[in-house]
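What follows is a set of notes on a single structure, which appears directly below.
Keep in mind the model is a prediction, meaning the values are calculated, not measured. Lettering of chains follows the sequences in order, A, B, ..., and the numbering in each one begins at 1.
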2 protein chains.
Amino acid sequence: MHRRSRWRSRNRRRREDGSWAVRARVERFGEPALLRLLSERPTHGYELLERLPELLGEERVDVGNLYRVLRALEEDGLVVSEWQAGLPGPTKRTYTLTDDGREALAAWLEALAALRDGLTTFLDDTEKGGDHVR
Amino acid sequence: MHRRSRWRSRNRRRREDGSWAVRARVERFGEPALLRLLSERPTHGYELLERLPELLGEERVDVGNLYRVLRALEEDGLVVSEWQAGLPGPTKRTYTLTDDGREALAAWLEALAALRDGLTTFLDDTEKGGDHVR
DNA sequence: CGAGTCTATATGAAACTTACATATGTTCTT
DNA sequence: AAGAACATATGTAAGTTTCATATAGACTCG
């Protein structure tokens with residue numbers, strides 16, 4: 001008869017002063033971010049890990065998931081990987097974007113642009129009737 | 001020894017012609033959308049269900065989750081509800097935005113605007129180095 | 001008035017995503 | 001030689017979205 005413990009959202013939480021802190025993110029944004037970095041040049045996972053936070057505007061990126069996403073991308077043929085020894089430091093697995101990956105990135109960019117435009121519409125419409133909000 | 005069956009993403013899939021179809025969405029976007037509709041006037045769930053698709057630009061909204069989100073919002077004090085009989089049709093539960101809900105909506109709008117700006121930066125930067133992409 | 005449709009609110013469970021914890025081995029620094 | 005940094009992973013919990021199904025009153029049409 002105990003109250004069913006509710007799942008807490010990770011996107012909205014109450015600050016100590018009682019106000020709301022909200023974080024809005026795009027689903028699976030890590031994928032286009034990785035494809036974009038790889039579109040510049042082949043890169044290994046650990047370096048991607050270091051360059052992602054700035055691109056994402058987040059403090060840190062989950063290491064485990066990064067490598068999982070990379071292998072998923074490879075399974076789908078968007079990237080290929082190669083072990084690279086002989087360089088300073090431990091052996092690295094270097095990922096290279098394929099043509100298919102380039103197409104997927106282009107598709108992502110279109111979708112993200114559409115999302116941005118949708119957001120703009122949503123925000124404008126809300127402002128417009130926004131005597132309710134402010 | 002069977003290959004571990006991979007989780008298929010719902011955001012990227014291959015079309016029959018081989019090209020990629022990508023769908024970009026904001027995490028938990030249903031919540032700000034509901035708050036926004038409720039900021040106009042008190043509304044019951046079923047009507048929200050009908051008005052959401054246009055606002056979201058999606059074909060349909062999951063009925064079950066709609067009601068779950070509404071009750072979560074109520075648990076968090078962002079809305080209050082009241083059963084309303086005497087109207088045509090089955091008894092409806094009408095939700096009304098609270099002051100706290102209005103604040104949460106405002107926080108959402110800020111976060112969404114920030115996300116939009118971040119997307120713009122991401123897209124511009126990618127275009128810029130975009131000899132890689134096109 | 002009976003059958004079927006529409007309105008209205010909900011629960012259960014599977015599939016997917018994100019977050020947190022930990023493992024393993026190499027290389028570099030001091 | 002010890003410890004930090006580099007590099008790549010796996011396991012699992014928590015949270016989110018999707019798909020399926022349940023329930024019941026009200027309306028509509030023959």
Side-chain angles (χ1 to χ4, degrees), chain A residues 4-13 23-34 42-53 56 58-76 79 81-95, chain B residues 4-13 22-34 43-53 56 58-76 79 81-95:
Chain A
R4 181 196 320 258
S5 77
R6 248 238 304 117
W7 24 278
R8 315 180 71 68
S9 170
R10 281 188 281 235
N11 290 304
R12 174 170 51 78
R13 65 164 223 282
R23 171 180 61 166
R25 294 184 306 177
V26 176
E27 289 175 7
R28 286 173 62 82
F29 192 64
E31 179 170 307
L34 283 178
T43 318
H44 62 271
Y46 193 83
E47 188 184 342
L48 291 167
L49 182 70
E50 286 177 322
R51 296 176 57 197
L52 268 181
L56 298 178
E58 304 211 352
E59 292 181 17
R60 54 169 130 187
V61 171
D62 187 85
V63 195
N65 287 336
L66 171 73
Y67 289 105
R68 266 189 280 249
V69 170
L70 284 172
R71 268 173 293 123
L73 290 176
E74 184 158 30
E75 271 192 60
D76 289 347
V79 302
S81 74
E82 199 178 358
W83 286 98
Q84 206 152 13
L87 296 169
T91 308
K92 305 159 190 29
R93 189 168 178 170
T94 296
Y95 290 88
Chain B
R4 181 199 318 262
S5 77
R6 246 242 303 119
W7 24 279
R8 317 177 70 68
S9 171
R10 282 187 282 235
N11 290 303
R12 175 170 50 78
R13 64 164 225 281
V22 174
R23 171 180 59 165
R25 294 184 306 176
V26 176
E27 290 175 6
R28 287 173 62 82
F29 192 65
E31 178 170 308
L34 282 178
T43 317
H44 63 272
Y46 194 81
E47 189 184 342
L48 291 167
L49 182 71
E50 287 176 321
R51 296 176 58 198
L52 268 182
L56 298 178
E58 303 210 354
E59 294 181 15
R60 54 168 132 184
V61 172
D62 187 85
V63 196
N65 281 338
L66 171 74
Y67 289 104
R68 265 190 279 251
V69 170
L70 283 172
R71 267 172 297 121
L73 290 175
E74 184 159 30
E75 269 191 62
D76 289 347
V79 302
S81 74
E82 199 178 358
W83 287 99
Q84 207 152 10
L87 295 170
T91 307
K92 304 161 191 29
R93 189 168 176 171
T94 296
Y95 289 88

Rounded off to whole Å, could you give me the [atom1]-to-[atom2] distance for the [X] and [N] pair?
{"X": "A:Trp83", "N": "D:dT8", "atom1": "CH2", "atom2": "P", "answer": "6 Å"}
{"X": "B:Arg68", "N": "D:dA20", "atom1": "CZ", "atom2": "C1'", "answer": "11 Å"}
{"X": "A:Arg23", "N": "C:dA19", "atom1": "CZ", "atom2": "C1'", "answer": "10 Å"}
{"X": "A:Asp62", "N": "D:dA13", "atom1": "CG", "atom2": "C1'", "answer": "12 Å"}

Does A:Arg25 have a side-chain nitrogen or oxygen under 4.0 Å from the phosphate oxygens OP1 or OP2 of C:dT17?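 A:Arg25 to C:dT17 OP1/OP2: no side-chain N or O under 4.0 Å.
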
From C:dT11, C:dC20, C:dA10, pick the nucleotide closest to the side chain of B:Tyr95?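 Selected nucleotide: C:dA10.
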
Which one, D:dT8, C:dT11, C:dT9, comes nearest to the side chain of A:Tyr46? D:dT8

Would you list the protein and nucleotides 25-27 of chain C atom pairs, both N or O, that sit under 3.5 Å from each other?
residue	atom	partner	partner atom	Å
C:dT27	O3'	A:Gly89	N	3.4

Show me the donor-acceptor pairs within less than 3.5 Å that the side chains of residues 86-93 of chain B make with the rest of the protein, sequence neighbours left out.
residue	atom	partner	partner atom	Å
B:Lys92	NZ	B:Pro88	O	2.9
B:Lys92	NZ	B:Pro90	O	3.1
B:Arg93	NE	B:Ser81	OG	3.0
B:Arg93	NH2	B:Glu74	OE1	3.2
B:Arg93	NH2	B:Ser81	OG	3.4

Test for a donor-acceptor pair under 3.5 Å between the base of D:dG15 and the side chain of B:Arg28, counting only N and O atoms.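 It does not, because no donor-acceptor pair links the side chain of B:Arg28 to the base of D:dG15 below 3.5 Å.
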
Between A:Thr43, A:Leu73, A:Val79, which is the residue that forms a side-chain contact (heavy atoms from CB on, under 4.5 Å) with A:Tyr95?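 In the set A:Thr43, A:Leu73, A:Val79, the residue that makes a side-chain contact (heavy atoms from CB on, under 4.5 Å) with A:Tyr95 is A:Val79.
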
N/O to N/O distances under 3.5 Å, protein versus nucleotides 1-4 of chain D:
none

